[in-house]
Every structure is written in C-alpha cells, then in structure tokens.
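Side chains included, hydrogens not; waters and symmetry mates left out as well; all remaining heavy atoms used. To find a chain, count down the sequence lines: A is the first, B the second, and so on, and within it residues start at 1. Keep in mind that what you see is a predicted model, and the values were worked out from it rather than measured.
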Protein chains: 2
Amino acid sequence: MRSTPARERLLRTASALFYAEGLRSVGVDRVVEEASVTRATFYRHFPGKEDLVVAYLEDVDRGVRARVGEPPAAPGGAAAFLRRLTGAVGEQLCGPGFRGCPFINAAAEHPDPASPVRRVVREHRRWLGSTVERALRAAGHPDPPGAARRWTALRDGAMVAGYLDDPAAAQAVLEAAVEDLLAGALSR
Amino acid sequence: MRSTPARERLLRTASALFYAEGLRSVGVDRVVEEASVTRATFYRHFPGKEDLVVAYLEDVDRGVRARVGEPPAAPGGAAAFLRRLTGAVGEQLCGPGFRGCPFINAAAEHPDPASPVRRVVREHRRWLGSTVERALRAAGHPDPPGAARRWTALRDGAMVAGYLDDPAAAQAVLEAAVEDLLAGALSR
DNA sequence: CAGTAGGTAGAACGTTCGTTCTGCCCGAGA
DNA sequence: TCTCGGGCAGAACGAACGTTCTACCTACTG
C-alpha cells in the first residue's frame, strides 16, 4: 500500500508544482488533474494536502541525502567531499527552473515552527549542518562547528542569490568563499 | 489622497500580518477586520490585494534605505559604515518576532519574475548590493563587486539561519565572517 | 451653500479552496 | 470462485477567497 503508480504520479507532479509555484498557490485540484488522478484516489493515499507537502519535502530530503552520502574519514577525502558538495550546490543554482531552496521556500510559507512542514525543514538543515561539520572535522579544520555554520550561511546565501540575482555569479562567489574557508583546514 | 489615517492603519496591520504569517495566508478580510476598516474603504485606497502587498514591501524598502543611508567617502568611515550595517543586521536576527527577510520570503511566494512583487524585491536587492559595493570601494577593498556579493551571501545566509536555526549563532557567524571580509580592505 | 472625498455598514458576487461522498470497475490473492 | 483493495467518475459540501455594490454619514473646501 506504501507505493503505487497513482501515488507515485501524485507525488511527482505535486513536487514539480510545489517547487515551481509555491505550496499555497498549488491546489489539490491542480495536482489531481495534472497527475491524471481523481480526488478520491488522492485522499486514499494522503490524509490531507499538508501530508502531500510533507511527503514532497521528505522526498527531496531523501534524494539529497542519497546524493551527498557520508563524508570520508581521511583528511584529503573529507576536503574533496566538501569541494564536491559545494560544486554540486553551485551547479544546481545554474540549472534550468532553479527557484531557490525548497526548504527555505517552504519555511517562508509556514510560520509555525511546530508544524510538520517546519519539522522536516529543521531535520534536513540539521542533517546538512552536521554532515558538513563532520567533514570539516575529518579534514582537520581548527573550528568545525563555526566553519560549518559559515558554510551553511554561504550555501543559503548562494541559494537565495541563485534564485533572485545572478546564478553564475552566485556560483562563483560560493566556490571562492568556500575555498577560502577550506584554506583554514590546511593552515595551523 | 495619498496618505490618510485609514490607509495608514491598513498598511501597518497588513505589514505586520504579511510578515508574520505570509502573503497568501493573510486574506483581505483579515487585514480589513484587524485594521478596523471596511472592505469598501480598503478598495478605495488599493486597487487590489497585490497592490497592498507591493505597498508593504515598498514601505519596508523605504524604511531600510532611510536607516542605512549613504556610505561615507572616507575609507575609515566606509569601513565603519559596513560594520554598523552588519551589526544592525545581526541585531535584527535576534529581535523578537524575526521571521527572515521580507523580500526573500515574498519571492518564495511569487515565482513570476515579472510580477510587481518581484520587481520591488529586485530593486531592493540591487540597491543594497550597490550600496555595499560603493562602501567597499570607498573603504579601499581590492575587489568591491566580488566582496559585495560575498557580503550579500553572508547577509542572506544569516537571515535564513536567524529564522530557521539559531539567531545568536547566526549573528556571531555573520559578524566574524564580515570581519574577515573587511580584512581584505586593509591588506594588499 | 454646494460639492466632493473619505469614511461606515452590510449584503452579495462568482471562484476556488480542501474535503467527503456514493457508485462502479477491475485484477490479484485466498 | 470469491473477495477486497486500488482506481475511476462525478457530484457535493461548507468555508474562505478577492471583489463589487448600494446606501448613508461627515468634514472640509471652493
């Protein structure tokens, strides 16, 4: 009952619509119609619209975690891991249809920190931050927690600038700034 | 006809609601009721809801521009200007009811770059970026455009982290990172 | 004194929202 | 063979959305 063609179609089209147009802008009717599924089928798989939103974010979260993986323990490998991660973010900015970070955008529409949506956002950000921190520690950086926060700030800033300003410039700035950040791992 | 008590009340309550709860979440009825104004009065002052949203953002933009002012021409003054600006952002993060950058949040709900809302967002960001760039140039930084983009990335990242993560930590990271950025103005 | 702009009060418009319901069809497992 | 869950079709719900309307009152101002 977990996964079925109709549910998969629902989640895929909802993901595309939610990301491209916003959470509140996209109605159930719209999703149902574009997924070629009836309302009854939708409510058979999801208790309500919010659960679809949560499923969308969890799906993105799952995808990112799978793509990023675990940071290696070797110092050189950990540094390469961070460069690869940063490079992937930079490329994402320049991709077609980029509209910023799904989690940041979702949070903008959900003020209540206790809402299920914000919970997913929080968990995703916590995972990302701790992963980067672990990588920085493995790379031998003198201040892993501080540098991880700095990396996150640069990443979030790049996500925003990639959406609202110039993607290519945001990519260049991100990579240069992270390179400076990683220089701290060698010195000292 | 430009400014009147009712219009002022409308704009003030709308601003508070829009920022705290999001643009699409807040309906006209809600604004009208909490401003103690009738719907007829609202539509006498604003052609539609979107115009109220634009007025809200333009009001924030006006306030920020007035508070920030113009960067001084003297190198020392320009550096102090940037420190003061960064400090103000950092304090904003820790203020009660902080819910991120109004412009970033507004853009999350408005995908169409041609929309009036996105126009205001674009103009605000352009002004902020060019102001910081001018200050960096006055401060004698070797790469004003690049450093301005870096500052903006850090500022946006701090805005996001101040909303979604730890405000105090975001403030500390922002100020430390900007201090490093300004160190480039002295060297070389 | 008349005209006009801003305000209040309240009903009403058509749409869209998220959600629920009644039926009917089909294919796979007991 | 039967049953039962997944899917389809379509109507319907109440609520909220943004918007428009009529009617009357008040305070300037030319």
Exercise. Under a 4.0 Å N-O cut-off, is there an ion pair linking A:Asp165 with B:Arg126?
Worked result: no
Exercise. Can you check the B:Asp51 CG to D:dG18 P distance for me, whole Å?
Worked result: 13 Å
For this session: Compare side-chain N and O positions of A:Tyr43 against OP1 and OP2 of C:dT19 and report whether any pair is under 4.0 Å apart.
Result: yes
Exercise. Is any side-chain nitrogen or oxygen of A:Thr41 closer than 4.0 Å to OP1 or OP2 of D:dC8?
Worked result: yes
Exercise. Would you call the rings of A:Phe18 and A:Tyr56 parallel, tilted or perpendicular, where under 30° means parallel and over 60° means perpendicular?
Worked result: tilted
Exercise. Does C:dG7 have OP1 or OP2 sitting under 4.0 Å from an N or O in the side chain of B:Thr4?
Worked result: yes
Problem set entry | Side-chain donor/acceptor contact of B:Arg44 with base of C:dG7 under 3.5 Å | yes
Problem set entry | Rounded distance (Å) that lies between atom P of D:dA16 and atom NZ of B:Lys49 | 15 Å
For this session: In whole angstrom, give the distance that lies between atom CZ of A:Phe46 and atom P of D:dG6.
Result: 13 Å
For this session: Output yes when A:Glu21 and A:Arg30 qualify as a salt bridge under the 4.0 Å nitrogen-oxygen rule, no when they do not.
Result: yes
Problem set entry | A:Glu175 bridged to A:Arg83 by N-O distance under 4.0 Å | no
Problem set entry | SB check B:Asp180 A:Arg150 (cutoff 4.0 Å) | yes
Exercise. Of the candidate nucleotides D:dG7, C:dA9, D:dG10, which contains the atom at the shortest distance from the side chain of B:Ala40?
Worked result: C:dA9
Seminar exercise, completed: Taken to the nearest whole Å, CZ/B:Phe42 to P/D:dG18 is 9 Å
Exercise. Hey, are B:Arg118 and B:Glu123 close enough for a salt bridge, meaning a charged N less than 4.0 Å from a carboxylate O?
Worked result: no
For this session: Would you mind telling me which of C:dA9, D:dG7, D:dA9 lies closest to the side-chain atoms of A:Ala6?
Result: D:dG7
Problem set entry | DNA chain C contacts among residues 11-30 of chain A, heavy-atom distance under 4.0 Å | A:Val26, A:Gly27, A:Val28
For this session: Return the value, rounded to whole Å, for the distance between atom CZ of B:Arg7 and atom P of C:dG6.
Result: 11 Å
For this session: Please determine if A:Asp61 and A:Arg125 form a salt bridge, counting it only when a charged side-chain N lies under 4.0 Å from a carboxylate O.
Result: no
Exercise. From C:dG18, D:dC8, C:dA11, pick the nucleotide closest to the side chain of B:Arg39?
Worked result: C:dA11
For this session: Give the rounded distance in Å between these two atoms: NE2 of A:His45 and C1' of D:dC8.
Result: 12 Å
Exercise. Once you round it to whole Å, what is the distance between P of C:dT16 and CD of A:Glu33?
Worked result: 12 Å
